[in-house]
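First up is the structure itself, then whatever we jot down about it.
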2 protein chains.
Amino acid sequence: MGKTEETREKLVVAALASFRERGYDATTMRLIAAEAGVSQGNAYYYFEGKEALVQELYVRIQAEHRAAVAGRLRSGASLAHNLATVLHTGLDVMAPYHSFGTTLLQSALRTTSPVSPFAPDSQAAREAAIWLMREAVDRSRPRIGGRLGEQLPRLLWLAYLGVTLHWVIDGSPGQQRTRELVDRVSPLLGKAIRLAGTPVAKPFVTDLTALVDAMTAPGRAGTP
Amino acid sequence: MGKTEETREKLVVAALASFRERGYDATTMRLIAAEAGVSQGNAYYYFEGKEALVQELYVRIQAEHRAAVAGRLRSGASLAHNLATVLHTGLDVMAPYHSFGTTLLQSALRTTSPVSPFAPDSQAAREAAIWLMREAVDRSRPRIGGRLGEQLPRLLWLAYLGVTLHWVIDGSPGQQRTRELVDRVSPLLGKAIRLAGTPVAKPFVTDLTALVDAMTAPGRAGTP
DNA sequence: ACCGCTTTTTGAACGTGTTCAAAAAGACGG
DNA sequence: CCGTCTTTTTGAACACGTTCAAAAAGCGGT
């Protein structure tokens, strides 16, 4: 790692610290550069703009989420339990940045960004998020077979999206309402999966999987 | 309506036209003011900032949606049909602003805004959106009774949210993929409602309604 | 040590959204 | 018509994100 990487890292550290302490708006590019010991213009040599630094924060949070989940997931638990683990872990990782949540989400919505989970071209960021749910599904018992089992991670990713949205707009202390939501939604989804196995639900499940199939065909926008 | 209202309206018209033609970033406050025939500073006497003009666009789109739905909804149709009508009408109304979608959504996410459907204090904007779904439910046959019938509009509003999100990130020509999604999701939700009436689904439905009850208690964030 | 070339760094400049003190216009009673 | 108070309008100013030409630093070959 040369001098170049050092400057880049200094900028990231300064930016992320200021984001956490001061929020997005109060963190000026001049301040970031000053705290990293470089000129304001130099920051633009390493990052395309202020938003690129937000994206850096986004990928680091996501990586931290994956690492934390790997340490907490236990094989053989119920799907409801594993799902709750993944969701709660995500909330733990994001917690220090709650005041920053809106900006983070806005950045993710910008589909031109390479780290946006919705960007049509960059499958990587999206799959990384879905991978977490696949872990939760694969390591839970009883196993879920058939087409539903294949597509379940994608569907649970949508649930994750919903929880994240709720977290962003959750003004309760410590975002406890979102915690509550996770604790209630996880068993509910577990029940739904069991219900999906009954004969009476068969035609519905068939249509649902067909829908997911159709909407995830190549060239699709991100949401399945 | 005095001179004051005229200037305000001129600003709105100029802003909305420029938003449609040039997009958000290329529409500068100086340009809006010039096109309305006032000074740049004067615009801030009528609107708190650029975002307030976006919110104005938002409420007008929502009002147009309500008006258009009232003309298109037919009583006695299936829930799937009425649901598709509401969703397609929404897409029709928003169509001219698709390039603007991201900005619109970002504005809605800012929970401090009085028109945000997620703002904890302003129930009006949220209820207005849910009202549409209540219309679709109430005017469809067969009727849906019980607690599920009461809370269904709120749940369908979540589906509406998802469709809107898909629309924003949908890059297909004319957003035809989102149209397809609506055509597929509406009958699927219809099936789900019928499934919810069967005895085997009873415990799941009970838990679901209890969850919606709990999450919509007073003081809640917007998402049920 | 010098040259030529690339990579990195700088600081001034531009256009933007927004603020604000002051000017202008209006409203109203005497 | 004047004086006073409020409402409206102005244009200069500010801080911000971003751009860019030019300077500085690094680097390999001779």
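Just so it is clear: chains get the letters A, B, ... in the order the sequence lines come, proteins before strands, and each one is counted from 1.
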Does [X] come within less than 4.0 Å of [Y], counting only side-chain N to carboxylate O?
X: A:R30; Y: A:E35; value: no
X: B:E64; Y: B:R60; value: no
X: A:R134; Y: A:E150; value: no

(message) To the closest 0.5 Å, what do you measure between OG (B:S140) and CD (B:E135)?
(response) 11.0 Å

What is the distance from [atom1] of [X] to [atom2] of [N], rounded to the nearest Å?
X: A:E6; N: D:dG26; atom1: CD; atom2: P; result: 13 Å
X: A:L11; N: C:dT10; atom1: CG; atom2: P; result: 11 Å
X: A:E51; N: D:dC16; atom1: CD; atom2: C1'; result: 16 Å
X: A:K50; N: D:dT19; atom1: NZ; atom2: P; result: 14 Å
X: B:R8; N: D:dT7; atom1: CZ; atom2: C1'; result: 16 Å
X: A:D25; N: C:dT18; atom1: CG; atom2: P; result: 11 Å
X: A:Y24; N: D:dA15; atom1: OH; atom2: P; result: 20 Å

(request) Please check the phosphate of C:dT9 (OP1 and OP2 only) for any side-chain N or O of A:T7 closer than 4.0 Å. (result) yes

(message) For D:dT8 and B:Y45 - does any side-chain N or O of the residue sit under 4.0 Å from the phosphate oxygens OP1/OP2?
(response) yes

(message) Base, sugar-phosphate or nothing for B:S39? Non-hydrogen atoms, less than 4.0 Å.
(response) base

(request) Take nucleotides 19-25 of chain C nucleotide by nucleotide from the 5' end and write B, S or -, depending on whether a protein heavy atom sits under 4.0 Å from the base, only from the sugar-phosphate, or from neither. (result) B------

(message) Is there, by distance only and without an angle test, a donor paired with an acceptor across the side chain of B:R30 and the base of C:dG15 below 3.5 Å?
(response) no

(message) Both conditions, 6.0 Å and 45 degrees, for the charged tip of B:K50 above the ring of B:Y24: are they met here?
(response) yes

(request) Could you work out which one of D:dT9, C:dT18, D:dG17 sits closest to the side chain of B:M29? (result) C:dT18

(message) Closest approach to the side chain of A:T28, judged atom by atom: which nucleotide of D:dC16, C:dT16, D:dT9 is it?
(response) D:dC16

(message) Can a donor-acceptor pair be found, under 3.5 Å and without considering hydrogens, that links the side chain of A:H98 to the backbone of A:W167?
(response) yes

(request) Find out whether A:L208 and A:Q151 are in side-chain contact, i.e. whether some heavy atom of one side chain is under 4.5 Å from a heavy atom of the other. (result) no

